[in-house]
Amino acid sequence: MFNPEIYTARRNALRKLIPSGIILFPGNSEAAYNYPANTYSFRQDSNFSYFFGLDNPDFAGIIDVDNDIDYIFGNDFEIDDIIWMGPQPKAVDLAAKVGVKNTAALSELTVFINNCIRNKRVVHFAPAYRAETTLQICGLLGINPLRISDYASMPLIEAIIRLRSIKSDLEVAEIEKAVDIAWQMFTTGMRMAYPGRKEQEIVGAMEGISVAHGKPVSFPIILSTNGQILHNHHHENILHEGRMLVMDAGTETALNYASDITRTVPVGGKFSQKQREIYEIVLNANLNGIAATKPGTFYRDCHMVAAETIASGLKDLGLMKGDVKQAVAAGAHALFFPHGLGHMLGMDVHDMEGLGQIHVGYDNEIQPSKQFGTAYLRLGRRLQPGFVLTNEPGIYFIPELIDMWRAEKKYTEFLNYDKIEEYRDFGGIRIEDDILVTADGHRVLGKPIPKTVAEIEATMADKL
Ligand code: GLY
Ligand code: MN
Ligand code: MN
């Protein structure tokens, strides 16, 4: 946990951005796995965690905007619980750790909210993403659960995004801790990527490193020799020479800050010429996109830099043709790069996505593209110092998409379908780093994870 002053300052900053009323932050409860007492690993709600810090289930926080008072509602444990769980801190002591002096039992929250409603005070809350939270909010406020999204507070959404988008040095340090753990996960995964191994063994080893550092992975690991499937959670394949292995993973720190890294390596530890040629294009897209990352630049422009690097590289190899800028403007590159360059990263892997991606990644100045590929870009707006984002270009050969576009004779002026056929079974390559936007540019976060062909081959030579 950070110092109490940090949480107090965050709540005060939020108070200044909301005109009046109270702000309700329901913390998460335990989530049942297969029966009520057998639960998933507990994950606190990121907004609650940001403003109220506590990593315990069944708490709720209130910020009273008009009266400069904060409250934590939560129950103390009884002896029946303590027998099973051991001694537990009192709610009042937990609240003190995050600078909150006023505490009450959870049942008092109903009374408190009823009073607010009676006094016609606005109750602001953020969109809910769990059924339990939806029911809790709707029960407290007497609204129809099917219409809860109509009632989420837009001023609150905008204020939270404004605050959480700018990471403090302490937050950046947390994210770097998560990247440093990812370094260990990825170098281990690389050293295991030899023929005969099952993908699931590598997933297990990488996930184990995350858990050994204290927390589960920050999202289900994507790891596959069928990397052309962008989010492939099927890990049953046996590794074969000639395939590229995409590994996309991250961990969380004790304070719930995430890393999100991707590396792609040749099974067996040596790139073939064909693999190296495609890999170098993706690497250049990653590096050029990073080089373009600085305050004031639209992240969509960094995306376009990466897209043009990909189109230019594929033109050199004969897979694309014609004018590179025109090809990218038309969207032809999206056959190979059908997703966005990246997204915000923080307490959520897709940071604040639960508040609505459109509000996190776009604003009055820039709206999402409607073009296939670029439409998936989660962050398009102007960059500011303190943003942390991912840079994750890729080249994929998706047979179903190639066949569809070819049958539709799509972009025949930019795509050389006969040449593309030679890569039909190639798979995919993605490279992803976590980047801080600094006052005058950017910084790639964490201990550098092997990324060049030479670095990857050297790391893999130390086979596990
Ligand atoms: N891990 C999913 C992503 O890279 O966005
Ligand atoms: Mn990722
Ligand atoms: Mn990502």
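Atoms within each ligand, like the ligands themselves, are counted from 1 in listed order.
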Practice problem: Could you grab the distance from atom CE of Met347 to atom CG of Asp351, nearest 0.5 Å is fine? | Solution: 8.5 Å
Quiz prompt | cation_pi(Lys274, Tyr423) dist<6.0 Å, angle<=45 | solution = yes
Quiz item: Does NZ or CZ of Arg11 fall inside the cone over Phe52's six-membered ring, less than 6.0 Å from its centre and within 45° of the axis?
Solution: yes
Quiz prompt | Metal site the Mn ion (ligand 3), protein N/O/S atoms found under 2.8 Å | solution = 4
Exercise. Would you check ligand 1 and list the protein residues that come within less than 4.0 Å of it by any heavy atom, ordered by chain and number?
Key: Phe219, His231, Asp248, Asp260, His343, His350, Glu392, Glu432
Exercise. Applying side-chain contact (heavy atoms from CB on, under 4.5 Å) between Leu345 and each of Leu379, Asp260, Leu445, report the one that passes.
Key: Asp260
Quiz item: Cation-pi between Arg382 and Phe298: NZ/CZ under 6.0 Å from ring centre and within 45° of the ring axis?
Solution: yes
Quiz prompt | Distance flag, aromatic centroids of His303 and Phe337, threshold under 6.0 Å | solution = yes
Quiz prompt | NZ/NE/NH1/NH2 to OD/OE distance under 4.0 Å, Arg243 and Glu199 | solution = no
Self-check item: Result of checking Thr262, Asn391, Thr309 against Asn286 for side chain to side chain donor-acceptor pair (under 3.5 Å)
Solution: Asn391
Quiz item: Are Phe397 and Phe336 near enough that their ring centres are under 6.0 Å apart?
Solution: yes
